[in-house]
Structures are given as C-alpha cells and as structure tokens.
Protein chains: 2
Amino acid sequence: MADIARLAGVHVSTVSRALAGNPLVESTQREKILKIAQDRGYVPNTAAANLRLRRTQTLSVVIPLHHEAGQALTDPFFVSMLGHLADEITQRGYGMYLKKVLPPATNWLQGLVQSHRADGVIVIGQSTEHAAIEAVSKTYPPLVVWGGHLQQQSYCTVGSDNVGGARAAVEHLIQSGRKRIVFMGDSNIPEMRLRQDGYRLALAQASRSATADVQIPSHMTADAAYEAMRAYIREGEKFDAVFAATDVIAISAIRALAASGLSVPKDVAVVGFDDIPMSAYTNPPLTTVRQDLQRGAKILVDLVLRRIDGEDTPSATMPAELIVRESSGARRK
Amino acid sequence: MADIARLAGVHVSTVSRALAGNPLVESTQREKILKIAQDRGYVPNTAAANLRLRRTQTLSVVIPLHHEAGQALTDPFFVSMLGHLADEITQRGYGMYLKKVLPPATNWLQGLVQSHRADGVIVIGQSTEHAAIEAVSKTYPPLVVWGGHLQQQSYCTVGSDNVGGARAAVEHLIQSGRKRIVFMGDSNIPEMRLRQDGYRLALAQASRSATADVQIPSHMTADAAYEAMRAYIREGEKFDAVFAATDVIAISAIRALAASGLSVPKDVAVVGFDDIPMSAYTNPPLTTVRQDLQRGAKILVDLVLRRIDGEDTPSATMPAELIVRESSGARRK
DNA sequence: TTGAAAGCGTTACCAA
DNA sequence: TTGGTAACGCTTTCAA
C-alpha cells in the first residue's frame with residue numbers, strides 16, 4: 001500500500017480510504033488511486049486488515065472425526081455437506097476455512113476459536129465431542145453445530161428430525177410385513193442415537209417386542225459396517241430387515257448381504273438414512289430418509305451470521321422425508 | 001498474550017518465546033506460562049502472527065467455475081477432490097482456505113494471491129481460465145493446477161493422462177464392435193479437450209472415418225447433459241456408443257437413453273471418465289476411466305509445498321486406468 | 001535468561 | 001478533503 005501511495009503521490013491513509021470506497025476522497029484522486037492499484041493487481045493484505053478490523057470475513061468449518069480416525073473426508077455425507085456449505089458461504093461473501101480434527105486433539109475447538117481465524121464456526125457432526133462443544137459455546141456465541149438436538153444441550157444445532165425420520169422408516173418396514181428388524185449404527189454418536197430412538201419408538205408403538213431386534217454397533221466407515229454385517233450373518237441370527245443409521249452403512253450392508261447369498265429386498269429389506277446421491281443408483285436403489293443438506297447448509301450459515309451479529313438464535317430442526325425405493329421391498333408409489 | 005504475561009509476571013516476549021517452544025526460556029518459567037495459557041485456553045491470534053511472520057500455514061484451494069455458473073460445488077468430482085485435499089493438507093499441518101470463483105470475477109487469481117491469505121494456491125480445473133492462470137504463474141511460483149497439461153503452458157499442473165485414458169476407453173468400444181461412437185463433452189475445457197483428442201486418436205488409428213462420429217458440446221451439469229442427449233436422440237441420428245468426457249455426463253446420458261427407450265448397453269454402450277464413487281452403483285454399472293484422486297491430491301499438495309520452499313517443480317501426469325463394468329456391453333473380465 | 005522496542009500492513013481517529 | 005499517528009497482537013533483534 002505504501003507503494004501505491006508513493007506512486008499516486010498521496011498518503012497511505014488516503015489510499016486506504018480510496019480502496020475502501022470511502023466517499024471522502026475526491027473523485028479524481030480516487031480514480032487515479034484505483035487505476036494504479038488495478039494496474040499493479042494490488043489487493044490489501046488480509047492478515048493486516050484482519051488484525052486491525054478484528055474480523056476476517058471467514059467462517060471456519062470443522063469436522064471432528066473423533067469416533068473414527070479412518071473416516072476420511074471422502075465420506076459422501078460430509079462431502080456433500082461441504083459442497084453445499086462452500087456454495088452458501090461463498091454466496092454470502094465470506095471465505096471458508098476448512099479444518100478436519102483428528103482423535104487425540106484436545107482443546108481443538110477452543111484453539112480454533114482463539115486463533116481468531118474466522119468470525120464464526122460451523123461444526124459438522126457432534127461426533128463424540130458433545131462436552132467440548134458445550135463448553136466452548138458458553139463463551140463463544142457464533143458457533144453452530146450440524147447434528148442431533150440433545151436434551152441437555154445449550155449450543156445451537158441445525159439438523160433433521162432424526163427421531164421422526166427413523167420412525168417413519170421403521171414403520172414403513174413394519175407395514176411391509178417385516179418381523180425382525182435389525183438396527184445398525186453407533187449409539188455413541190448423537191445423531192445415530194436419535195435414529196435408534198426413533199427405531200425403538202416405532203417398534204414399541206407396534207407393540208413389538210424389542211427382544212426380537214438386535215443392535216449392531218458400527219463405526220461409520222463402509223468397511224467396518226460391511227464386516228459387522230457379515231459377522232452378524234455368520235452368527236446365524238434370523239432377521240428380515242435392516243434399518244441402518246446412515247446410507248453408507250446401508251450400502252455396505254447390502255453388499256454384505258449379497259456376498260452372503262441373501263437377496264435384497266426379498267430375504268432382507270434395507271433402509272438407510274441421509275439420501276446421499278449414490279443411494280438412487282445402488283442395486284437395488286436404496287429406500288432411505290432424506291436430509292435436505294442444501295437447506296441445512298443455508299440455515300447453518302444463516303444462523304452463524306446472525307450470531308456474529310449478536311443475535312441469540314434457537315436451534316432448528318428440519319423435516320426428514322422417507323424416500324421409498326426398492327431396497328425395502330415395497331412397491332414404488 | 002498481554003494477559004498471560006501479566007498473570008505470569010513476565011514480559012510478553014517471554015510468553016511468546018515460551019509458547020513457541022524457544023529453549024531459551026527457563027524451564028520452570030516455561031511450565032508456569034504454558035500452564036496459564038492452557039488453563040485459559042489461550043492460543044495466539046493467527047492474524048497477528050501471520051502478519052509478523054509473513055506466512056499463514058494455510059493453502060488456498062480455488063475452484064473456478066467460469067464455464068458453468070450453475071455447476072455447484074456438489075459436483076461429485078470436485079467434491080471428492082476436495083475431500084482428498086482436505087485430508088492431505090490437514091495431515092501436513094496446514095489449514096485449507098476454500099474459494100469458489102464465479103463467472104464475472106476478473107482478476108480472481110491475482111486478487112487471491114495478493115491478499116496473502118495463504119502460502120500457496122491450488123487451482124482445481126483450468127475451466128476457461130488458462131490465460132489468467134498463465135499470467136499469474138509468471139510472478140507467483142507456489143501455484144499448482146489440477147487439470148490438463150497443455151503445450152504452451154508454463155505453469156505446473158497435475159493431472160491424469162487424459163489422452164491415453166480416453167484412447168483406451170474408445171479402443172475398448174471399438175473392440176467391442178461399436179461402429180458409431182459419439183463424444184459428449186465441452187471442448188473448451190482443457191481436460192475435456194484432451195479426452196476428445198484421445199477419442200479422435202483412437203478412431204484414427206482404427207482407420208475410422210471421423211465423419212461417423214458426432215460432437216455434442218455439453219456443459220458439465222447433469223441436466224445440461226441430459227437435455228443434450230435427449231435432443232440428440234430426437235434428431236434421429238444413428239449411433240451405438242457414447243464416450244462421455246466425465247462420469248456426470250455419462251450418467252446423465254444413461255438416464256436420457258433409458259428415458260428414450262434405448263437399452264444400455266444393448267442399443268448404446270456408454271463409457272465415462274473419472275470413476276466417481278457413484279459410477280460403480282449405477283444401473284448398469286458404468287465403464288469408465290479412473291483417475292486416482294487421492295494420489296492426485298497428495299501430489300498437488302506435495303508440489304505446492306515444495307514450490308513454497310523455492311523449488312521449481314515440473315508438471316506431473318498420472319496414468320488413467322480403464323475400468324470395465326457393464327455399461328460398455330463387454331463381458332467383465 | 002529476560003526486557004525493551006521495532007515492525008509486519010492495515011485502518012481509524014484527530015488535526016489541519 | 002487530506003496527512004499524521006496510534007493501534008491491532010504478535011515475533012524477533014538487540015541490550016542488559
């Protein structure tokens with residue numbers, strides 16, 4: 001900026017004003033300065049401006065993968081969410097700072113916040129980090145979390161109606177005449193836990209004994225789910241349906257069932273959760289519960305920005321819609 | 001940091017040294033300072049440190065979408081690449097600043113570079129921005145581009161062997177007895193252009209008249225490709241195979257063919273390019289040319305970092321492997 | 001081993 | 001309308 005000032009024969013403060021569009025600078029002067037800056041491709045140093053302005057025009061997006069180190073950022077769910085967030089954040093004139101947090105990191109969120117890298121933080125998925133998030137949110141308002149809305153929580157979440165969506169999925173299986181419905185998922189992850197709750201609710205309402213159903217704790221990776229399903233089949237348990245807490249798990253289950261010589265949906269019906277793009281193309285196409293991630297991303301960004309402005313926004317829950325395809329064995333509507 | 005210094009009863013410079021692990025500070029002193037910082041969850045303000053150190057420990061990832069405004073960051077190819085880049089960049093101890101650039105932006109790259117937001121820049125896809133990239137690269141070394149390697153270019157690219165991969169794909173179609181092979185893609189995008197070159201090469205080598213083949217200029221969005229294919233079918237042209245420049249186009253083409261009552265692969269064989277995750281699950285599963293994005297991401301990051309260190313790295317081309325599935329009508333090997 | 005002070009490149013306040 | 005100057009929060013050189 002000092003260069004530009006010298007070339008234009010004015011003081012740096014005038015250059016700063018001109019570049020910021022401050023109407024005080026005389027128009028001829030402004031034109032001249034802008035032209036020089038333009039020609040030299042000059043753009044103010046953001047680090048310096050950030051320091052002075054105490055804002056960054058950037059939002060951090062964090063993905064904690066505490067529960068499963070091997071889970072790469074290639075997981076279709078995360079990756080779709082990221083794409084939508086990038087779209088939305090860009091559109092609002094902000095930049096996006098992406099951070100993946102691995103297991104042993106202590107103080108990961110506190111550290112990110114204190115580094116002042118961004119004006120606000122979006123956390124995708126609580127993972128097993130509920131406590132850490134809760135703690136930070138007490139003193140740092142511009143924080144919004146994609147995930148399950150828990151009873152005791154005081155931070156702001158955006159998420160789908162996990163209980164209701166899961167319930168609809170399991171009711172669909174029950175109505176299709178399935179008798180022994182297995183849940184696959186990891187109850188330690190809040191969102192999955194809520195889906196499990198929905199599953200149990202649906203069974204209870206149908207006066208179905210929960211004993212007829214079996215839990216398969218599963219990590220979120222495709223391979224872990226595949227192995228878990230195969231092992232479960234090998235144990236010789238009888239079941240005719242699977243409700244998986246995510247599509248990635250469901251798709252792995254389908255693979256495992258096929259590999260074990262079981263037909264989907266004839267022998268075993270499968271329903272997932274998420275409606276990742278791939279789900280429409282699996283064989284057979286996957287019945288699942290759709291989360292509207294584009295809308296979710298929009299709400300997430302909207303809420304952080306409002307929180308940056310000092311507003312105290314409540315959590316938001318979006319409806320989750322059952323999408324009936326062929327893997328659940330029902331006739332398409 | 002002033003707070004910490006006051007609490008510890010030392011000067012800020014000592015705190016700075018302690019936090020930076022400078023061995024000069026006396027160990028008891030250091031422990032004390034670190035403990036106070038720990039307790040208060042203190043982390044240095046990055047903007048200030050960056051300003052002073054003239055580096056950011058951040059890499060920018062830019063996605064120019066000049067050629068197709070509607071193309072969201074939800075495109076499976078971009079999104080997979082992003083995931084891998086996030087993994088790789090995080091692993092190297094850097095942060096990732098993600099920027100999506102839309103059509104009218106002039107000087108987008110120059111601006112990003114000058115803003116000093118990151119220590120290096122990775123551009124995903126040249127789009128129609130070859131000239132802009134070329135210009136900036138002259139004066140800004142730590143810039144690496146994912147895309148096609150062009151003759152006249154002086155910047156550093158990483159990409160697959162587009163010509164070779166496309167050629168293998170088309171040869172596969174020829175060997176399967178297909179006679180009239182249509183190329184779908186947009187020749188204005190360097191990578192697609194190279195794939196088209198490979199397509200032509202394969203035809204030429206088989207002494208096939210290029211007149212028997214037809215170009216369908218297509219934007220990259222799924223819908224545009226779908227419409228283009230439907231329109232082409234309506235024109236009544238005869239063809240028995242499609243080589244699409246991307247899987248997204250190929251999958252749309254399959255949908256369009258099915259909607260027009262044509263069977264894949266019986267009536268028309270389809271081959272794509274990219275091997276996005278979804279391709280293994282389409283109906284029928286898509287024959288395509290695989291790009292190893294994980295390895296690509298690794299190389300991209302590796303090269304930028306070496307360039308940040310002042311090295312002048314050459315471009316890298318990775319082999320592209322034909323994956324034969326069912327959409328091309330050949331028997332699986 | 002620690003303290004003092006300069007400086008990174010901006011922006012904003014106060015004077016002129 | 002413009003110029004000078006302080007301040008943003010840190011790191012590092014130089015002195016002590």
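Chain letters run A, B, ... following the sequence lines, proteins first and then strands; every chain starts at 1. These values consider heavy atoms only, across backbone and side chains, with no hydrogens, waters or symmetry-generated copies.
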Let me know the distance between [atom1] of [X] and [atom2] of [N], rounded to the nearest Å.
{"X": "B:Asp3", "N": "D:dC10", "atom1": "CG", "atom2": "P", "answer": "9 Å"}
{"X": "A:Arg17", "N": "C:dA12", "atom1": "CZ", "atom2": "P", "answer": "10 Å"}
{"X": "B:Ile33", "N": "C:dT1", "atom1": "CD1", "atom2": "P", "answer": "13 Å"}
{"X": "A:His11", "N": "C:dC14", "atom1": "NE2", "atom2": "P", "answer": "17 Å"}
{"X": "A:Asn50", "N": "C:dA12", "atom1": "CG", "atom2": "P", "answer": "13 Å"}
{"X": "A:Arg55", "N": "D:dA7", "atom1": "CZ", "atom2": "P", "answer": "21 Å"}
{"X": "B:Leu51", "N": "D:dC10", "atom1": "CG", "atom2": "P", "answer": "12 Å"}
{"X": "A:Arg52", "N": "C:dA12", "atom1": "CZ", "atom2": "C1'", "answer": "5 Å"}

_Looking only at the side chain of B:Leu53 (C-beta and beyond, no hydrogens), which of the listed nucleotides D:dG3, D:dT11, D:dT1 gets closest?_
D:dT11
*Which nucleotide sits closest to the side chain of B:Pro44: D:dT2, D:dC10, C:dT1?*
D:dC10
Test item: [X] side-chain N/O and [Y] main-chain N/O as donor-acceptor pair under 3.5 Å:
{"X": "B:Gln153", "Y": "B:Leu150", "answer": "yes"}
{"X": "A:Ser60", "Y": "A:Val121", "answer": "no"}
{"X": "A:Glu134", "Y": "A:Ser154", "answer": "yes"}

Please confirm whether the shortest side-chain N or O distance from [X] to OP1 or OP2 of [N] is below 4.0 Å.
{"X": "A:Ser16", "N": "C:dT11", "value": "yes"}
{"X": "A:Arg54", "N": "D:dG9", "value": "yes"}
{"X": "B:Thr14", "N": "C:dG3", "value": "yes"}
{"X": "A:Tyr42", "N": "C:dT10", "value": "yes"}
{"X": "A:Gln29", "N": "D:dT1", "value": "no"}

*Toward the 5' end of DNA chain D, which comes first, B:Leu19 or A:Pro23, by nearest nucleotide?*
A:Pro23
*Assert yes or no for the condition that the ring centre distance of A:Tyr155 to A:His130 is strictly below 6.0 Å.*
yes
_Heavy-atom nearest nucleotide on DNA chain C for B:Val12 versus A:Ala48: which residue maps closer to 5'?_
B:Val12
*For B:Val158, which of B:Asp302, B:Leu300, B:Thr313, B:Thr317 qualifies under side-chain contact (heavy atoms from CB on, under 4.5 Å)?*
B:Leu300
*asked:* Under 4.0 Å, counting only non-hydrogen atoms across every strand here, what does B:Leu24 touch: a base, just sugar-phosphate, or nothing?
replied: base
